[in-house]
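Read through the structure below, which is laid out as structure tokens, and then see the notes.
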Amino acid sequence: MHSPYKKNFQAAATQASNESIFDSELSLLRDVFKLLPAGVTVQDESGEFVLMNDAGATLLQRATTAGTSSQLSDRRETCLELLRAGRPAVLEEAMAGGPTKQVFLTSHRPIRVAGRNLLISSSTDISEQKAFEDHLFRSAYYDELTGLPTRRVIEHRVDSLLKYDNGQGRFALAFLDVDNFKHINDYYGHTVGDALLAEIAKRLGLDLRESDILSRISGDEFVLLLNPVESVAEVEEFIHFILQRLKAPFFIDQSEIFASTSIGVSLYPEHGRSYEVLRQNADIAMYRVKNDSKGDAAFFDSSMEREALARMKIEQSLRLAILEKRFCCAFQPKVDIRTQAVIGVEALVRLRDDEGVIQAPSTFINLATELGLIDELTHLVLAEIVKSIDLINETFGTETTISINVAAKQAGNPDFMRPFAEALEATGFPQRFMIEVTEDAFVTKTHIQDEILPIFRRLGVKISIDDFGIGYSSLSALADITADEIKIDRSFITDIHKRPRSQGILRAIESLSEALGMTVIAEGLESFEELAYLQAATKIRYAQGYYFSKPIFLEDLRLASPRASEARGSITSRPAPETRAAYARGGSYRR
């Protein structure tokens, strides 16, 4: 028989073994609990912590260090409220202690264990995720350079104002554009240009109310919401204040930079009842300022809208004309004023409108440049020259140079100039060409000298400085330009025999050009008196102008030899004034 003592001993041994296993497992669970990466805490109904792991203790210590007493008190009250209500919650907790802000996602869940109500909380560090979300948010809604709200922010704000408007609200929307910002970028560099935009944003943002919003919507364009406004006079006064503030120089990278801003203003509800209409009308008013004087402000009115529609019609016609290649060339000779020989011709672009009427360049050249169509237009001119080369040779001779105009904007753009050089080479006679560029292209873009001109030199293409004397004229700058020809602007040639000061300037340019080996062309010669002065008082050999010939169209092209000296002496030999429209200027880029 088995002894009862033996059975009791076995039972006790088994119980002891089970308790040992339980203690071992409990110890393991405690170790795992302590080492969990998430911070876990357990609180009782009085808010006291009855259990926490190492991560939870670290989190509480950091909260104690970083937070204020009120923040800690609020957190404790939140936990007790959740426990009393018996409802779970997931909350974000931000701590600003240390070098970076830390954010934790904490899950709170009420539980009941052994008859006690407890709150178990688990916190996970989501700082990196929140930082990434904040970065995405700022990228979407705030401009990185200036820190200003983006277009969508101000649009959303205006839409909200319109949605909840009770018919009594008034606000103003101002469209601001920095004048000549591209020239500043070209001259000082993009780093200085970016710094200038940031400084302009700071000045514009001064004295704004909390309800106003300044937004950078693109490159050098800003939109300002003034809300609310009581009267037009109030808006005028503030806009004038802004304009005056921007007139003070900006000191950036040891440079003193002056920048002005053109501003157009629209008012709600007078000038529109949607953000897009108000912004567009403010934009239209701003362009009126750009076209008139720059550095000023204008309020939208209905006449501006009519002008904008007319401009849009011209834009569409211009794009269609380029697509249909409705451009042609007129050719004006360059003449040796002593031998009367034609030494070259200049190709001048003209546009045939829908009704076949020839349009002067003043109606389309500036617009083509603004719309980014000037490159294609220049290539069309080259194609016209190539198409008519036999007629040009027959009329003017095979040795005459052929001048083609390139805008300063194009001359400073390698992406245009390199393909254009290839197009000249593809003609088979690149050495016949003379590229005419206004002087400001050389002054503001030094890389033209180093990178672009050598390409044309290798092809034998010559360089002419057009309209010299009316741009960024500088005799010292002229000495640094490796050009073949200088065309003195017609403003110096007109009535030169009556103007001693112009005569002195002419002699200075002539002397320097002679020293540098550059040919001088007198532009816009129109009278026998002007010709006589050049022949008698200067060494200038060449001229171009209505006195010799107006621009001749291809279909009318025939021998354009200079008039006989007897005819030239007669005032009646000049074209009638009304025929001179073809010689009109279009801003700084003539043809």
Side-chain angles (χ1 to χ4, degrees), residues 318-335 342-353 356 358-361 364-365 368-369 372-407 409-411 413-437 441 452-464 466 483-485 487 521 544 549-560 582 589-591:
L318 181 59
R319 293 182 188 278
L320 184 62
I322 289 179
L323 186 64
E324 296 177 350
K325 296 180 172 57
R326 284 195 275 107
F327 290 90
C328 57
C329 283
F331 294 88
Q332 188 174 38
K334 298 178 182 179
V335 178
V342 175
I343 63 162
V345 291
E346 180 180 0
L348 307 173
V349 66
R350 299 290 186 265
L351 168 65
R352 296 184 187 277
D353 65 16
I358 299 296
Q359 297 291 327
F364 63 85
I365 285 295
T369 303
L373 302 174
I374 192 66
D375 292 356
E376 189 170 357
L377 183 56
T378 304
H379 280 285
L380 287 177
V381 172
L382 179 59
E384 285 293 307
I385 293 172
V386 173
K387 185 172 66 175
S388 58
I389 188 62
D390 290 339
L391 191 54
I392 292 172
N393 290 342
E394 178 184 342
T395 304
F396 299 111
T398 58
E399 300 301 319
T400 54
T401 60
I402 305 170
S403 294
I404 183 170
N405 289 273
V406 171
K409 179 180 179 180
Q410 295 172 292
N413 181 11
D415 292 336
F416 167 77
M417 293 299 279
R418 290 193 180 99
F420 186 61
E422 294 172 1
L424 290 175
E425 184 177 19
T427 65
F429 47 91
Q431 67 283 353
R432 293 278 302 277
F433 285 98
M434 174 88 73
I435 303 298
E436 293 196 10
V437 183
I452 295 174
L453 291 189
I455 299 174
F456 290 92
R457 294 295 183 199
R458 286 194 294 271
L459 297 176
V461 177
K462 299 177 179 64
I463 304 297
S464 174
D466 195 14
D484 302 281
E485 177 183 277
K487 298 183 73 175
I521 303 283
Q544 180 182 4
S549 172
K550 68 178 182 179
I552 305 169
F553 291 100
L554 293 177
E555 57 267 31
D556 301 327
L557 201 58
R558 50 186 176 269
L559 286 178
Y589 182 71
R590 176 175 59 81
R591 307 290 172 244

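Values below: every heavy atom of this structure, side chains too, minus hydrogens, waters and symmetry copies.
Here Met417 contributes atom CE and Leu424 contributes atom CG; the two are 8.5 Å apart, rounded to the nearest 0.5 Å. The line from CD of Glu346 to OG of Ser403 is 5.5 Å long, rounded to the nearest 0.5 Å. Separating the OG atom in Ser388 from the CD1 atom in Ile402 is a distance of 7.5 Å, to the nearest 0.5 Å. Within the model, atoms CD1 of Ile404 and CD1 of Ile435 stand 6.0 Å from one another, a figure rounded to the nearest 0.5 Å.
Looking at Ser464, its side chain never comes within 3.5 Å of a backbone N or O of Asp466 through a donor-acceptor pair. The backbone N or O of Leu373 lies less than 3.5 Å from no partner atom in the side chain of Glu376, so there is not a single donor-acceptor pair. Checked by atom type and distance alone, the side chain of Thr369 pairs as donor or acceptor with a backbone atom of Ile365 at under 3.5 Å.
Side-chain contact of Lys462 with Gln431: a donor-acceptor pair under 3.5 Å is absent, judged by distance alone. With 3.5 Å as the limit, one finds no donor-acceptor pair spanning the side chains of Gln332 and Ser549.
For Thr400, the side chain to side chain contact (heavy atoms under 4.5 Å, CB included) test picks out Val342, Phe396, Arg432, with sequence neighbours left out. Not counting sequence neighbours, the partners of Ile455 by the side chain to side chain contact (heavy atoms under 4.5 Å, CB included) test are Arg418, Ala421, Arg458. Ala383 is linked by a side chain to side chain contact (heavy atoms under 4.5 Å, CB included) to nothing, counting only residues two or more places apart in sequence or in another chain.
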- Query: Please walk me through it: do Arg319 and Glu324 pass salt bridge (Lys or Arg N to Asp or Glu O under 4.0 Å)?
  - Reply: CA-CA 9 Å; Arg319 293 182 188 278; Glu324 296 177 350; over 6 Å; no
- Please assess Ile374 against Phe416 for the test side-chain contact (heavy atoms from CB on, under 4.5 Å), listing each intermediate value before the final yes or no. CA-CA 10 Å; Ile374 192 66; Phe416 167 77; over 6 Å; no
- Message: I'd like to know whether His379 forms a side-chain contact (heavy atoms from CB on, under 4.5 Å) with Val381, so could you lay out the CA-CA distance, the side-chain angles of the two residues, the decisive distance to 0.1 Å, and finally the verdict.
- Response: CA-CA 5 Å; His379 280 285; Val381 172; over 6 Å; no
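A salt bridge links Asp484 with Arg457: at least one charged nitrogen is closer than 4.0 Å to a carboxylate oxygen.
Below 30°, between 30° and 60°, or above 60°: for Phe456 and Phe420 the angle between ring planes is between 30° and 60°, a tilted geometry.
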